[in-house]
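Each remark here refers to the structure printed beneath this line.
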Amino acid sequence: MLNLTWTAIERLRKLVEEHPEDPVVRITLRDVDAQRLSLSITLEPSAQEEDEVQHIEGLTVALERGSVH
């Protein structure tokens, strides 16, 4: 399960309101190397079939299965 701070939730809500054509928040996490991770947050029109979807305080958040452990 993903935990977001209230500040992050409110900021993401505002972004979704500004871009209603892209209501899904996609979060992708990648290993860069043994000591670093890369985090990407984008807005998209829909979740993908293979995503893990969570509903958090009115947000639809899609996590790529490869990012979920």
Side-chain angles (χ1 to χ4, degrees):
M1 183 168 133
L2 181 67
N3 291 312
L4 299 173
T5 66
W6 280 109
T7 302
I9 290 168
E10 290 188 12
R11 180 66 180 128
L12 289 168
R13 279 185 185 157
K14 183 173 178 153
L15 286 170
V16 169
E17 286 176 12
E18 292 171 4
H19 303 278
E21 69 281 3
D22 295 320
V24 176
V25 177
R26 173 176 294 286
I27 299 178
T28 306
L29 187 63
R30 302 262 188 253
D31 285 324
V32 175
D33 58 34
Q35 298 174 343
R36 296 181 298 159
L37 297 173
S38 171
L39 176 71
S40 172
I41 300 173
T42 57
L43 297 180
E44 298 191 357
S46 62
Q48 302 298 314
E49 188 174 313
E50 64 275 2
D51 290 339
E52 177 180 317
V53 177
Q54 295 182 17
H55 300 281
I56 302 171
E57 299 296 328
L59 292 171
T60 300
V61 180
L63 300 162
E64 286 186 6
R65 290 253 186 237
S67 298
V68 179
H69 295 283

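Numbers for residues simply follow the sequence, beginning at 1. These figures come from a predicted structure and were not determined experimentally.
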Can you see which heavy atom on [X] is nearest to which on [Y], and at what distance?
X	Y	result
Ser46	Val24	CA-CG2, 3.8 Å
Asp51	Glu64	OD1-CA, 3.8 Å
Pro45	Pro23	O-CD, 3.7 Å
Val32	Leu37	CG2-C, 3.9 Å

When the side chains of residues 10-18 are checked against the rest of the protein, which donor-acceptor pairs come out under 3.5 Å, sequence neighbours left out?
{"residue": "Arg13", "atom": "NE", "partner": "Glu57", "partner atom": "O", "Å": "3.0"}
{"residue": "Arg13", "atom": "NH2", "partner": "Glu57", "partner atom": "O", "Å": "2.4"}

When you compare the side chain of [Y] with that of [X], does any pair of heavy atoms fall below 4.5 Å?
X	Y	result
Val25	Thr60	no
Leu2	Val61	yes
Gln54	Leu63	yes

In this structure, OG1 of Thr28 is separated from CD1 of Ile41 (nearest 0.5 Å) by 9.5 Å
Salt bridge (Lys or Arg N to Asp or Glu O under 4.0 Å) pairs touching residues 39-50, sequence neighbours excluded, are Arg26-Glu44
field: Ile56 reachable from Leu29 in the ILVMFWY side-chain graph, under 4.5 Å edges
entry: yes
